[in-house]
Amino acid sequence: MKASPPQTEAELWMRATAIAQQSLGDLAAAVSMTVPNDFRREKGFIGQLLERVLGATAGNLSKPDFTHLGIELKTLPLNANGQPKESTYVSIVPLMGREPLSWQHCELYQKLRRVLWIPYFFDKTVEPRYWRLSDPVLWSPTAEEEAILREDWYELMSRVQMGRLDQINARLGQYLQIRPKAMNADVRTQGIGSNGECVRTSPRGFYLRTSFTARIIF
DNA sequence: GCGTGATCATGG
DNA sequence: CCATGATCACGC
């Protein structure tokens with residue numbers, strides 16, 4: 001079982017509020033899934049569970065999850081204090097693009113324009129099926145937030161295009177950061193070298209810092 | 001191999 | 001202690 005795609009943002013929001021505070025076990029049962037006891041081998045489970053529960057459509061395409069609504073779905077683990085406990089992956093970093101940088105047209109911005117956040121309480125003292133959702137948040141960046149995201153993105157993407165991959169680490173960026181995104185550290189893809197040539201390098205992703213997602217949900 | 005969904009695990 | 005760097009599963 002799997003929910004049909006919501007036709008409107010209002011319908012999606014109704015569904016999201018209707019499942020607030022529910023346990024992962026109950027949600028999973030409703031879509032014929034079983035919550036693993038250990039996420040070490042199923043890290044994406046909660047995201048995939050909520051996709052089914054809410055009727056997301058994009059699959060593994062590089063599009064917002066609710067493509068027709070332009071809305072991205074993000075689950076967000078909270079610690080016991082209600083603070084985000086992990087950074088949030090947004091999208092792959094395009095390492096070979098040489099087009100002029102355009103924030104308005106980049107994949108990252110397309111996904112962050114409107115996000116349905118589904119926070120939940122991550123609690124290692126009980127089995128994940130007992131974890132409960134918190135209240136959903138339907139969010140778009142404020143002008144101030146967008147300005148900083150855009151600055152971060154330009155700073156990071158400039159280094160990518162200038163062939164300065166060696167100068168990129170997770171410490172750069174106020175709200176946004178670039179970190180490895182691969183099965184393991186041996187995975188290689190193509191990137192731009194310091195003389196503009198193609199080099200072998202590790203795939204990377206854009207992530208939102210927990211300090212930023214904390215702002216969003218409060 | 002790439003992009004989707006993320007959390008794990010250890011070094012500073 | 002916790003952010004950074006590393007890792008896991010799946011569809012195609």
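Only this structure's heavy atoms are used, side chains among them; waters, hydrogens and symmetry mates stay out. Chain naming here is simple, since letters A, B, ... match the order of the sequence lines and numbering starts at 1 in each.
In terms of modelled atom types and a separation under 3.5 Å, the side chain of A:Asn169 and the main chain of A:Arg171 share a donor-acceptor contact.
The cluster map of Ile, Leu, Val, Met, Phe, Trp and Tyr, joined by side-chain heavy atoms under 4.5 Å apart, puts A:Tyr130 and A:Phe45 in the same cluster.
Between the CE atom of A:Met183 and the P atom of B:dC2 there is a distance of 14 Å, rounded to whole Å. The distance between atom CD of A:Gln190 and atom P of B:dG3, rounded to the nearest whole Å, is 12 Å. Note: CG (A:Asp65) to C1' (C:dG11) measures 15 Å, nearest angstrom.
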Side-chain donor-acceptor contacts of residues 210-218 of chain A below 3.5 Å, not counting sequence neighbours, with atom names and distances?
| from | atom 1 | to | atom 2 | distance (Å) |
| --- | --- | --- | --- | --- |
| A:Thr213 | OG1 | A:Thr210 | O | 3.2 |
| A:Arg215 | NH1 | A:Tyr175 | OH | 3.0 |
| A:Arg215 | NH2 | A:Glu145 | OE2 | 3.3 |

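Remark: A:Ser23 pairs with A:Asp26 by the side-chain hydrogen bond (donor to acceptor under 3.5 Å, both in side chains) rule, at least two apart or across chains. Residues that satisfy the side-chain hydrogen bond (donor to acceptor under 3.5 Å, both in side chains) test with A:Asn79, not counting sequence neighbours, are absent from this structure. By the salt bridge (Lys or Arg N to Asp or Glu O under 4.0 Å) test, A:Lys181 is found to be paired with no residue, residues two or more places apart in sequence or in another chain being considered. For A:Gln167, the side-chain contact (heavy atoms from CB on, under 4.5 Å) partners two or more places apart in sequence, or in a different chain, are A:Arg159, A:Arg164. Checked against side-chain hydrogen bond (donor to acceptor under 3.5 Å, both in side chains), A:Trp103 has the following partners two or more places apart in sequence or in another chain: A:Glu146. Remark: A:Asp123 engages A:Thr125 in a side-chain hydrogen bond (donor to acceptor under 3.5 Å, both in side chains) (not counting sequence neighbours).
In this structure, A:Trp131 has its ring center closer than 6.0 angstrom to the ring center of A:Phe39.
Annotation: side chain to side chain donor-acceptor pair (under 3.5 Å) contacts involving residues 39-57 of chain A, sequence neighbours excluded, comprise A:Asp38-A:Arg40.
Mapping A:Glu72 and A:Val187 onto DNA chain B by nearest heavy atom places A:Val187 at the nucleotide closer to the 5' end. Projected onto DNA chain C by closest heavy-atom contact, A:Gln177 and A:Asn184 fall at different nucleotides, the more 5' of which corresponds to A:Gln177.
Residues from residues 92-112 of chain A that place a heavy atom under 4.0 Å from any atom of DNA chain B, listed by number: A:Ile92, A:Glu107, A:Lys111. Of the residues in residues 28-35 of chain A, not one comes within less than 4.0 Å of DNA chain C through any heavy atom.
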B/S/- along nucleotides 6-12 of chain B (protein heavy atoms under 4.0 Å) is BBBS---
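Taking five base pairs at each end of the helix from B:dG1-C:dC12 to B:dG12-C:dC1, the local helix axes there meet at an angle of 20°, rounded to 10°.
At least one side-chain heavy atom of A:Phe206 sits less than 4.5 Å from a side-chain heavy atom of A:Met157. With a 4.5 Å cut-off on side-chain heavy atoms, A:Leu95 and A:Leu165 count as touching.
At the phosphate of B:dT4, OP1 or OP2 sits under 4.0 Å from a side-chain N or O atom of A:Ser62.
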